[in-house]
Each structure stands twice: as structure tokens, then as C-alpha cells.
Undergrad: 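I'd like to ask you about the structure that follows.
Just so it is clear: chains get the letters A, B, ... in the order the sequence lines come, proteins before strands, and each one is counted from 1. All heavy atoms count here, side chains included; hydrogens, waters and symmetry mates do not.
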4 protein chains.
Amino acid sequence: MRIKDTHKQDAIISATVELVNEIGFVSSSVAKIAKKANVSPATLYVYYTNKEDLLVSTYIEIKKKMSDELLKNIDNTKPFRDILKDFWNNTFDFVSKNKGLFQYAEQFSNSPYSDLVNQSELEKHFEPMMRILQKGIDQKIIKDVPFEILTVFIFYPVMLLSNSKVCKKLTMDNETVETAFNLAWDAIKL
Amino acid sequence: MRIKDTHKQDAIISATVELVNEIGFVSSSVAKIAKKANVSPATLYVYYTNKEDLLVSTYIEIKKKMSDELLKNIDNTKPFRDILKDFWNNTFDFVSKNKGLFQYAEQFSNSPYSDLVNQSELEKHFEPMMRILQKGIDQKIIKDVPFEILTVFIFYPVMLLSNSKVCKKLTMDNETVETAFNLAWDAIKL
Amino acid sequence: MRIKDTHKQDAIISATVELVNEIGFVSSSVAKIAKKANVSPATLYVYYTNKEDLLVSTYIEIKKKMSDELLKNIDNTKPFRDILKDFWNNTFDFVSKNKGLFQYAEQFSNSPYSDLVNQSELEKHFEPMMRILQKGIDQKIIKDVPFEILTVFIFYPVMLLSNSKVCKKLTMDNETVETAFNLAWDAIKL
Amino acid sequence: MRIKDTHKQDAIISATVELVNEIGFVSSSVAKIAKKANVSPATLYVYYTNKEDLLVSTYIEIKKKMSDELLKNIDNTKPFRDILKDFWNNTFDFVSKNKGLFQYAEQFSNSPYSDLVNQSELEKHFEPMMRILQKGIDQKIIKDVPFEILTVFIFYPVMLLSNSKVCKKLTMDNETVETAFNLAWDAIKL
DNA sequence: GATGAATGAGTGTTCATTCAT
DNA sequence: CATGAATGAACACTCATTCAT
């Protein structure tokens, strides 16, 4: 028998992400994805049970890669503010270098497909950061407010600012990233 | 007759928003929208030149209604912080009471359809708030950073917190809204 | 609005019957049926909710037409044997003149589609004949055996003999039909 | 190894019959048959040149097995009526014990696939019965009518009565089989 | 203005079959 | 012999849109 050609599966995932970024979820048909990946539409069904499976799997893959990158080099022994700053920079780096993946994830999570994903499963990867935040609360470094609120001020802003749809004009240089972090820090610090 | 017309058009818009919220952009076909609005698919083309026009017009309508509501009762003579707080509360009120409209707008603005909208036209409605922010900068009440950064900390958080996809567990009572505003204010204040 | 074109629906039904007779149930695709009927495949869905609906509706239509024809001119006042003979002749006439319809019905009733049809509903049309049989039993003209057995000897044979798949060589002239009826009668008579 | 082969081929045939009985000819795809037989779709093409070959071969196999069973223990020295009765009983036994095979054959012979089978070849197996019928005619025990007519009254009824699609309610116990045979005999006897 | 009929083009998916291993 | 990967062609069906009324 023929061996499964991982090159093909990679091509399918890439094509999916690219196409969704180019023409959006709505217009991204299986046929177009297949064409972009230079495979037959039928081949797609060798790797995924259906279109939904393809889109969801792609999302999960991206999210996993993202959480790996965001938590990379996080050093618990550093001062609290520095840890957050490293995470902030990691986020900015990832989003800058993977605009396509990030934009796919944004579209996906705003679509009804996202209901099909076990979100809490994905969020588990970020538990280390949650533990760090909790330590900050316990040590009275940051405000004792619900995690969701902290998240909105310390994790989302860098993503929003990197999102070209939100920030059309502002170029995100290192200085701007730094400035934004100062605001985030002021928001949460005690 | 005018009344009849408006009724039908309203029904179409409502049906569009409801359907997109129920089954998403991807699955919302003209036929289904028409069925939900209790009109013929052809009737839709009496009011809109095509599907895109319908979706875009619906978005613009929502955005206009939203900007009206958010700027309602904004009193320039109040102290700076109170103005922002009023706007913050207006946002929270609108999103709470119009989850459907808000969610439609979110989906829309994350789709490539949004490229078809003259965003700067829509943003004009928020110029009053921008002028207020500028005054705050000039009076050295808030930090002198790019508008986009301020926006991310003072306008987006309340929307994110109201978004059920972002905040699944946190119930947004008045106290929580107040707490979140304090963080936002700490972020931007000098 | 455009008025529903009954000519089109008739064309669809005819095409369905013809095609199924030519190439069988298995190979009769919606596209092929549409092509034969000179309509777009989409048009088919104006009249029927899906392929199954088309096939089932066609079957029911045929069965209704058939029961009308078989019971035509049945005169209850005639002697018992003559009534059966008339029915027998009607059956032979119908099958001879509507080989296509008959063959479609045969294929259909041997397919799993037939499970979708409310058979007892269709059998109601034949109740007059059942009552006649019962009268024959009561009057001790024919044997007192279950209806199904009588049916197999007095109703099925003429259909089997008219079925070209069963009887490839035998030409069914009037004499043969008469001969066969004599056997049927001998089978059931007391 | 021979044993292994036969196992696989048997599995394929069984799967084919079962699947056709479960979901019908129309929906029985090669992939599904292979899955049911626990082999690869490709393996199927080791034993059969294509799908048609598989279906036809399966039919022929069934027909051969059937003719063997029906003619089993037929004793030419018995009285004429007893021979027919034995055959009748054999038919009933076979159909009862092999409903799946029988139903497959019914579906097949009502499909256009049946045109691909050399029917006269299959009918050769039944020549012994034809010779017996001819002897009955010659000895003036049964009516001198075309074979097809005799067949319809002496061979088909037991099959029809055993067919669950024809006889939904009637349970075929020994008494019923006996009763039906009496009608068949009355039909053909002189 | 308002409609349901009608459709070519497209949808996601499965098909029978082949091929390299 | 036996296989799972791979596919072009076909599948049933829906799409956005137009048209006659």
C-alpha cells in the first residue's frame, strides 16, 4: 500500500489557512481548498472526515502551536512584571510572524464552528499563566479581580493591537508594544 | 404604502440578524433568510441589490444604532472620568440588551465582508469621543499615547467582557462592570 | 410570479419512469432524470423535496392509477367467477399497455424504498376486491383460506405472466390469458 | 495459503448479501461492502474484476446453492404429486432458512443487472423438474399448458408467500404451506 | 411592490477504481 | 495476496439570482 504523504496533509492545512485569510470562511469551499493544496477534493476526505473536521482540526492545531509559542521561555523565577512582559512579547512575536494563523483563529472563534471545540481543553495550556496571575494576586502585586477581567487587560490588548482589522494605521514597533504594556500593567497592578 | 414596505424590510433585517446568530454567516442563505422573514426570496431583491448589499447594509444599520446608543446622554460638561464612565456604561447597556446585533457585528467585522465597508465613515460617529480623549491628553489627565492604544483599553474591554464567547462564566453585574472600569481607568490615567 | 408548469412535472415523472426502466434504480441519478425531462436538476426540487420523495411519489401515483384501472367496470352483480375474470383481464390490459409503469412499480416494491410507503394505505384501494373474495368464501364458492394465499393465486399470476423478466418467451395472447385464468380459478374454487 | 483466501472471499460475499439486504442495492457501495467484510476495498478487486462482477457472481452463487437445495432428495420414483410436494417443501425450507440470500436474489433479478446473467444457463439446473412436469403432462396427470404457466402456479407461489414484502402478516407455518400446496395442485392437476 | 417558479453554477461528499508498496 | 492512499467523476442537493406574472 501507499504510505500516507504528510506533505499532502501539510499542504491541505496551509491551503485552508491561506484561503480563509484571502476570501474568508464563507467562501472557502472544499473544492477551492483542494485546488490550492494541489490535491483532489476527495483526498481531503482521506485525512478529515468532513469539512468541519478539517476546519476544527486546523484551528486546534493553530491554538496548540500558539500556546507553545506564547509560553516559550517563560521563567517563573523572574520578577512578576517581567514574566508578564515576556509573555506579552511572545504574543506580539507570534502574531506578527503568523498573521495568517492568528487571523484564521480569530475568524474561527467568531464563527459558530467554535462551539464544536472543547474550549476548556485548549485553555488548559494557559494554566501556567493563570497560576502566575494567582501568585501575583496572592502576593498583592496585582488587583484581586476575576481572571476574565485580568485577561481582558493583560492578554487581549496585544492581540487586538496586532490585529490589522482593529488597528489599521498604527504600526506596531517595539516602542509601541512597550508603551501598550505599560498601560496594561497600570491596569492590573495594585 | 409605506408602512407595509418598512414592515417587510424590518422583517428582513431582523431575520438576517437572527439567522446569522443562530447558524452563522456561512450557512445563512438568501432562501433561509427570506423564509424566516416570511417573504419570498425575490422580495429581498426589491430592497437590496444582492446578498452582499443586505449583509453590509445590516451591519451599517447596526453600527449606526450602536453609535447613537453609545453616545446617548454624553455630557461634555461632566468631569472627564465621568464622561468615560457614562460611555462605558452605555456600551455595557447596549451590548447586554442587543446581544444579537452585537454578535452579528462581531461576526461581520471578522469576515472579509468588512473590507467592503467604508470604516472611516463609520468611525466618524465616534469622533466626539475622540475629541474628548484628545482633551484628556491635552489636559494631562490621561496618557499621551496613540488613540488605538487608548481605544484598546478604554473601549474594547467592556465589549470583550460582554461577549459570551470570550467570557463564558463571568456574569456581568454592575459591580463587575464597575471593577473593570477601574482597571481601564488605571490603564490610561496619568 | 410564474405559474407552476404542470407540463414540467409530468415530464419529470415520465423521465423518472423511463430512466428507471432503461437503466434501473441504481443508476438513475437526479442529473440523468433532469436531463431526460429537459429541466435543470434544481427544478426537480421545486416539485419534490428530495430524490426519495420523487421516487416514492411516482410509485404512489402509479399505484393509484393502477388500482383505478384494475377496478374499472367491476360489476358486483355479475356472477362471482365473471367478476374475477374481469379483474384478471383488467390487470392484463393494464400491464400490457403500461409495461413501463408496471416495471417501475415492481422494481420499487423490491427496493428498500418501499418501506417508506404506507402500504396499507395503498391496499385500501383493493378492499372492494377483498370484499368480493370474502363473499365468495361466505357463499362457499371459493376455498376458505387466508387472503394472502388467494391473492397469490388469483392476483399475482397474471402480473407474473405479463412480466417480461419472468416470462421471456411466452407471448401473452388472449388465449393464454384465458388458459391461465382457468388454472387460477381451479386453484381457488371449492 | 488457500484457506485464508476462501475466508476473505466468503466474507466479501456474505457482506455483499447482508449489506444489500440492509440498505439495498442503491446504497451498497464497494467501500461499505469492504468495510463490512473487514477487508480493503482494493482486496475486492483481487477476487472480482469490478463491482458488477461481484454482484453478478454473488447472484449466480446463490442461484446455484438454491437449485441444489431445491432439488435435494427429489425421488423420481415417488408418485408425481409427492415429487412436487417435496420440491415445494424444499423451496419453503430454503427460503425460510436463507431469507437473506433469497431477498438478495429477488432484488437482483428485478434490477437491470439481471440482464447480464445468462439466465438459460441457470435454468438448466431446473431441467430435471421440467422433465418431471413434462412426464406429468404426458401421463395426463396435469394440464397441458405452457411451462411458464405451470411454473407460475407451482413454483412461484411458495416463494411469494415466503417473501416478507408480499406477505407481511401471514406466518408461514407447516399447515399454511400445506394449504397453499393444495391450491397449487388444484390449479395444475387435470 | 411582491411573488414563486426556474436555473446554471456551485456545494460538500461519496463513488468505483487504480496504484505503489 | 493484500493493502490504504489517492483520485476524477459523479452524487444529491443548495446557492444567489432572474424572470414572468
Undergrad: Sort by first number and list every stem of DNA chain F: at least 3 consecutive Watson-Crick or G-U wobble pairs, both distances under 3.5 Å.
TA: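 Listed by first number, the stems are E:2-21 with F:2-21.
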Undergrad: Tabulate atom names and distances for all N/O pairs under 3.5 angstrom spanning the protein and nucleotides 11-15 of chain E.
TA:
unit_1	atom_1	unit_2	atom_2	d
E:dT11	OP1	A:S29	OG	3.1
E:dG12	OP1	A:K51	NZ	2.6
E:dG12	OP2	A:V30	N	2.6
E:dT13	OP2	A:Y45	OH	2.6
E:dT13	OP2	A:K51	N	2.7
E:dT13	O5'	A:Y45	OH	3.1
E:dC15	OP1	D:S29	OG	3.1

Undergrad: Tell me: NZ of C:K35 to C1' of F:dA12, nearest whole Å?
TA: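 Result: 17 Å.
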Undergrad: Rounded to whole angstrom units, what separation is found between the OH atom of C:Y48 and the P atom of F:dA12?
TA: 16 Å
Undergrad: Do D:E22 and D:S28 have side chains that get closer than 4.5 Å, going by heavy atoms?
TA: no
Undergrad: Taking all heavy atoms of A:A37 and all of A:A11, pick out the closest pair and write down the distance.
TA: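 Closest approach of A:A37 to A:A11, heavy atoms only: CB-O, 3.5 Å.
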Undergrad: Does the side chain of D:S40 get closer than 4.0 angstrom to OP1 or OP2 of F:dA2 through an N or O atom?
TA: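 Negative; the distance criterion is not met.
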Undergrad: Classify the ring geometry of A:F108 against A:Y113: parallel below 30°, tilted from 30° to 60°, perpendicular beyond 60°.
TA: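 Aromatic pair A:F108/A:Y113 classed parallel.
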Undergrad: Can any side-chain N or O of B:N98 pair as donor or acceptor with the backbone N or O of B:L101 at less than 3.5 Å?
TA: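 Checked: no pair found.
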Undergrad: Using atom types as modelled, flag every donor-acceptor pair under 3.5 Å from a side chain in residues 54-65 of chain C to any protein atom, sequence neighbours excluded.
TA:
unit_1	atom_1	unit_2	atom_2	d
C:S57	OG	C:D53	O	2.6
C:S57	OG	C:D53	OD1	3.0
C:T58	OG1	C:L54	O	2.7

Undergrad: Is a side-chain N or O of C:Q107 found less than 3.5 angstrom from the main chain of C:F25, in a donor-acceptor match?
TA: yes
Undergrad: Donor-acceptor pair, distance only, cut-off 3.5 Å: does the side chain of B:T16 make one with the backbone of B:I12?
TA: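 The answer is yes, because a donor-acceptor pair under 3.5 Å joins these two groups.
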Undergrad: Expressed in angstrom and rounded to an integer, what is the separation of C:I33 atom CD1 from E:dT7 atom P?
TA: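 Result: 16 Å.
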Undergrad: Separation of D:L44 atom CG from E:dT18 atom P, in whole Å?
TA: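 Distance check: D:L44 CG to E:dT18 P gives 12 Å.
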Undergrad: Check whether any side-chain heavy atom of A:K32 lies under 4.5 Å from a side-chain heavy atom of A:I23, and answer yes or no.
TA: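 Side chain of A:K32 against side chain of A:I23, heavy atoms only: contact under 4.5 Å found.
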Undergrad: For A:K8 and E:dA20, give me the distance from atom NZ to atom C1', rounded to whole Å.
TA: 12 Å
Undergrad: Kindly indicate whether the side chain of A:Y47, heavy atoms from C-beta on, has any atom under 4.5 Å from the side chain of A:I13.
TA: no
Undergrad: Rounded to whole Å, how long is the line connecting atom CG of C:D10 with atom C1' of E:dA5?
TA: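 The answer, rounded to whole Å, is 16 Å.
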Undergrad: From F:dT7, E:dT3, F:dC1, pick the nucleotide closest to the side chain of A:V39?
TA: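 Given the options F:dT7, E:dT3, F:dC1, the side chain of A:V39 is closest to F:dT7.
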Undergrad: Rounded to whole Å, how long is the line connecting atom CD1 of D:I12 with atom P of F:dT3?
TA: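 Computing the D:I12:CD1 to F:dT3:P distance gives 9 Å.
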Undergrad: What's the CG-C1' distance between A:N38 and F:dG8, to the nearest Å?
TA: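 Taking CG of A:N38 and C1' of F:dG8, I get 15 Å after rounding.
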